[in-house]
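Note sheet for the following structure.
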Amino acid sequence: MALWSRWASVSAMSGEQELGVTESKNHNTGEWYAEVVQKAKLADYAPMGGFIVTRPRGYELWERLQNHLDGWFKETGARNAYFPVLIPESFLEREADIVEGFDPEVAWVTHGGYEELEERLAVRPTSESIITPFMSEWTRSHRDLPMRLNQWCSVIRWEATETKPFFRTKEFLWQEGHTAHATEDGALDEVMMRLGQYERLYEDVLAIPVLRGKKPEHDKFPGADMTTTVEALMPDGKSVQGGTSHALGQSFAEAYDVTYTDEDEEERTAWTTSWGLSWRALGALIMTHSDDQGLVLPPAVAPEQVVVVPIWQEDTKDDVLQYATEVAAELEDAGDVRVHLDDRDQRNPGFKFNEWELKGVPLRIEIGPNEVEDEVVTAVRRSDNENTKRELDRTELVDEVDDQLDTVFDELYAKAAENLVENVRTANEPTEIMGTIGQHGGFVKTPWCGDEACEEVIKEKVAAEIAMLPLEDGEAPEAAVEGGEAVEVEGDECTMCGEDATEVAYFAKTY
RNA sequence: GGGCUGGUGGGUUAGCCUGGUAUACUUCGGGCCCUGGGAGCCUGUGACGCCAGUUCAAAUCUGGCCCAGCCCA
């Protein structure tokens with residue numbers, strides 16, 4: 001048994017740690033993650049494999065994320081709608097690629113009560129096949145385009161994989177946007193705009209830097225011309241597909257007859273897109289920032305942004321509580337901060353510190369008789385690994401707290417960005433790709449001819465695949481993160497087969 | 001899909017080999033006391049993953065299933 005593990009069980013038996021996280025993020029990422037999710041009260045496992053129960057704290061994270069994205073969607077022309085969870089088999093069958101792509105993981109409803117249905121109904125694995133037919137009905141003229149619909153819903157994909165809350169579940173919450181356009185350019189602009197919004201969500205809200213790219217041909221969404229992705233690198237070296245946006249060309253429009261009359265009175269076929277982001281983003285959020293003390297959240301999604309912990313003695317209790325109450329009220333009213341005053345009588349301060357750290361509150365404010373006397377508050381940032389205590393002046397409280405919350409975001413982002421930048425490496429030999437991924441994880445970029453067989457060579461050996469290809473020639477996604485020039489990949493021959501390279505491939509192990 | 005490890009009150013866990021009374025800590029409820037990093041005392045509630053089998057008797061043995069974590073495809 002490894003040392004760290006023995007420590008974990010020893011401290012558990014001594015009754016010191018069992019409320020908090022006992023697993024090590026570095027040494028035992030899987031169990032650590034499961035523990036953080038459960039002990040921070042984000043989710044529980046459901047009785048059936050592959051399903052989870054999202055608890056209020058977890059759902060609140062989703063709601064905040066949702067509010068950001070939904071606002072941007074609406075600002076850019078998308079409107080929310082809702083389509084049935086069940087899709088008739090005959091609808092699903094109309095687009096051949098969708099059938100082929102999702103058939104193995106579709107859940108079917110075959111009975112209503114005791115009656116067997118005449119036509120079985122698919123529980124949606126994605127909704128193109130029910131939404132596009134309606135876009136067809138609603139699209140008459142070029143004046144109806146672009147048509148942009150979005151729905152927030154859950155889908156079911158019956159994969160036989162291990163459950164990992166938010167990362168891998170048979171049912172997951174997501175949004176799926178569906179649009180139709182008069183021109184291919186219009187559709188492509190849409191695809192990139194939505195990808196940009198996903199990138200913005202990760203970078204500006206979740207404090208996670210991402211790489212933008214497209215998926216290789218063989219890994220595209222079924223029926224799509226192009227699938228784009230934002231990829232986030234987790235601390236254990238695996239890549240997460242954080243959101244995807246697809247150019248569907250005209251294949252869906254043809255299959256479901258989305259046509260319109262243009263200015264010249266010609267009947268034309270529309271171009272469609274779809275784009276989705278799931279609660280996997282929450283998985284990436286939890287995995288990226290949290291530590292061995294528990295959850296760590298950036299302020300924008302934290303249910304409580306500030307927790308105020310009063311520390312009193314019998315003779316100071318009234319003063320301390322009054323001061324703490326005023327501080328909390330001021331932050332809430334003047335500062336528009338989500339603040340919680342933890343005035344529980346039966347818990348000592350140390351217990352509260354640990355508990356709120358476990359729950360990921362970005363900023364803790366301690367108020368005892370000393371603070372009251374000096375007219376200050378003591379603040380500790382969750383993102384500060386040194387646990388440094390800072391005095392904030394009472395008279396500048398709102399601004400100071402605001403600064404501290406910004407700093408939490410900056411610290412979280414900087415750490416995640418460092419992880420990303422340090423873990424994009426180049427390789428020019430197959431053994432080098434495999435060796436680098438085996439040793440460090442992360443992304444390894446290398447020239448590639450575009451042939452799936454060449455990916456397979458790597459995949460078989462180290463279970464790493466092509467996570468993405470930079471979107472345009474010469475565009476190196478990590479340059480944005482580094483704020484400078486991208487590192488050039490040497491050579492223009494495919495590293496695996498030696499044929500002419502057409503792409504730069506980013507290999508990684510993936511979630 | 002294959003293999004490994006595990007599943008005992010809400011959480012952590014002892015007991016299992018060698019069948020018979022289920023251990024402790026903690027959380028939670030009540031009471032007292034206490035408050036600058038998981039304090040203390042009293043008290044109460046609360047569990048053997050599921051289904052079969054063996055047996056006078058199963059948490060314990062056997063078989064099947066379910067669930068989780070890990071490794072491989």
Side-chain angles (χ1 to χ4, degrees), chain A residues 1-2 5-25 27-41 43-53 55 104-105 158-165 167-170 236 238 292-294 307-321 323-324 342-359 361 364-374 376-380 382 384 386-391 438 456 458-465 509:
Chain A
M1 185 188 282
S5 162
R6 197 180 297 151
W7 287 339
S9 42
V10 165
S11 57
M13 280 190 293
S14 69
E16 286 171 5
Q17 278 271 324
E18 73 284 348
L19 293 177
V21 174
T22 62
E23 293 290 351
S24 156
K25 184 178 187 181
H27 295 105
N28 209 350
T29 309
E31 288 185 32
W32 166 85
Y33 178 81
E35 222 179 296
V36 170
V37 165
Q38 288 178 94
K39 291 194 169 170
K41 297 183 163 49
D44 275 332
Y45 292 97
M48 325 80 83
F51 291 81
I52 61 169
V53 175
R55 303 182 62 174
E105 50 195 57
W158 210 267
E159 298 172 89
T161 49
E162 291 151 10
T163 311
K164 181 165 268 199
F167 274 115
R168 261 192 320 247
T169 48
K170 289 190 173 86
D236 63 353
K238 292 188 194 170
D292 290 355
Q293 296 301 315
V307 61
V308 177
V309 179
I311 302 161
W312 65 73
Q313 291 75 41
E314 197 178 347
D315 57 331
T316 59
K317 183 172 180 181
D318 290 348
D319 289 345
V320 165
L321 272 181
Y323 187 87
D342 187 355
D343 59 358
R344 284 177 294 176
D345 209 0
Q346 303 285 358
R347 291 281 164 232
N348 63 26
F351 183 95
K352 295 176 183 175
F353 296 168
N354 282 291
E355 186 172 83
W356 292 110
E357 281 166 7
L358 174 64
K359 289 183 174 175
V361 178
R364 176 176 77 241
I365 288 180
E366 305 172 9
I367 291 175
N370 301 338
E371 283 81 1
V372 175
E373 175 141 352
D374 299 345
V376 295
V377 303
T378 297
V380 182
R382 181 67 176 86
D384 174 13
E386 308 299 316
N387 244 351
T388 311
K389 302 201 175 192
R390 291 179 174 69
E391 279 197 354
E456 208 49 47
I458 305 297
K459 206 171 179 174
E460 274 177 19
K461 290 280 167 52
V462 290
E465 57 191 90
K509 294 191 178 185

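Throughout, protein chains are lettered first and strands after them, A, B, ... in sequence-line order, and every chain is numbered starting at 1. Remember, predicted model here, so these are calculated numbers, not experimental data.
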- Base, sugar-phosphate alone, or nothing: which one does Gly368(A) contact when heavy atoms must sit under 4.0 Å apart? base
- Query: What integer distance in Å separates Arg344(A):CZ from G38(B):C1'?
  - Reply: 11 Å
- Strand partner of A24(B), provided both Watson-Crick or wobble distances fall under 3.5 Å: U12(B)
- Task: For Lys39(A) and Gly20(A), indicate whether the former's side chain and the latter's backbone hold a donor-acceptor pair under 3.5 Å.
- Result: yes
- Query: Which of the following nucleotides, G37(B), G38(B), G69(B), is nearest to the side chain of Leu19(A)?
  - Reply: G38(B)
- Item | Rounded interatomic separation in angstrom, taking CG from Leu358(A) and P from U26(B) | 19 Å
- Do side-chain atoms of Glu366(A) reach the backbone of Ile311(A) as a donor and acceptor pair under 3.5 angstrom? no
- Euclidean distance, atom CG of residue Asn370(A) to atom P of U35(B) [Å, nearest integer]: 14 Å
- What nucleic acid atoms does Pro310(A) come within less than 4.0 Å of, heavy atoms only: base, sugar-phosphate, or nothing? nothing
- Task: Using a heavy-atom cut-off of under 4.0 Å over every strand shown, decide if Lys41(A) touches base, sugar-phosphate, or nothing.
- Result: nothing
- Considering only heavy side-chain atoms of Asp345(A), the closest of G36(B), C34(B), G11(B) is C34(B)
- Rounded to whole angstroms, how far apart are NZ on Lys238(A) and P on C70(B)? 8 Å
- What is the base-pairing partner of C33(B), counting Watson-Crick and G-U wobble geometry with both distances under 3.5 Å? none
- To the nearest Å, give me how far apart CD (Glu23(A)) and P (G6(B)) are. 15 Å
- The side chain of Glu162(A) lies closest to which of these nucleotides: A68(B), U35(B), G69(B)? G69(B)
- Query: What's the OH-C1' distance between Tyr45(A) and G10(B), to the nearest Å?
  - Reply: 17 Å
- Message: Considering every strand and a 4.0 Å limit on heavy-atom distances, what is the contact class for Gln38(A): base, sugar-phosphate, or nothing?
- Response: nothing
- Distance in angstrom units between Ile311(A) CD1 and G37(B) C1', rounded: 9 Å
- Carboxylate-amine/guanidinium contact Asp384(A) Arg390(A), below 4.0 Å: yes
- Message: Check Lys317(A) with Asp345(A), please: is the shortest side-chain N to carboxylate O separation under 4.0 Å?
- Response: yes
- Base partner of G69(B), which must satisfy Watson-Crick or wobble distances under 3.5 Å: C4(B)
- Message: For Ala34(A), is there any backbone N or O sitting under 3.5 Å from a side-chain donor or acceptor partner on Gln38(A)?
- Response: yes
- Message: Donor-acceptor pair, distance only, cut-off 3.5 Å: does the side chain of Asp44(A) make one with the backbone of Arg55(A)?
- Response: no
- Spacing between Asp315(A) atom CG and C34(B) atom P, to the nearest angstrom: 12 Å
- Nearest-nucleotide comparison on RNA chain B, the residue closer to the 5′ end among Gly350(A) and Glu460(A): Gly350(A)
- Query: Touch check for Glu366(A), heavy atoms < 4.0 angstrom, all strands: base, sugar-phosphate only, or nothing?
  - Reply: base
Sort me out a list of protein N/O and nucleotides 45-49 of chain B N/O pairs below 3.5 Å, or just none if empty.
none

- Start at the 5' end of RNA chain B and walk down; is the nucleotide closest to Glu314(A) or to Lys461(A) reached first? Glu314(A)
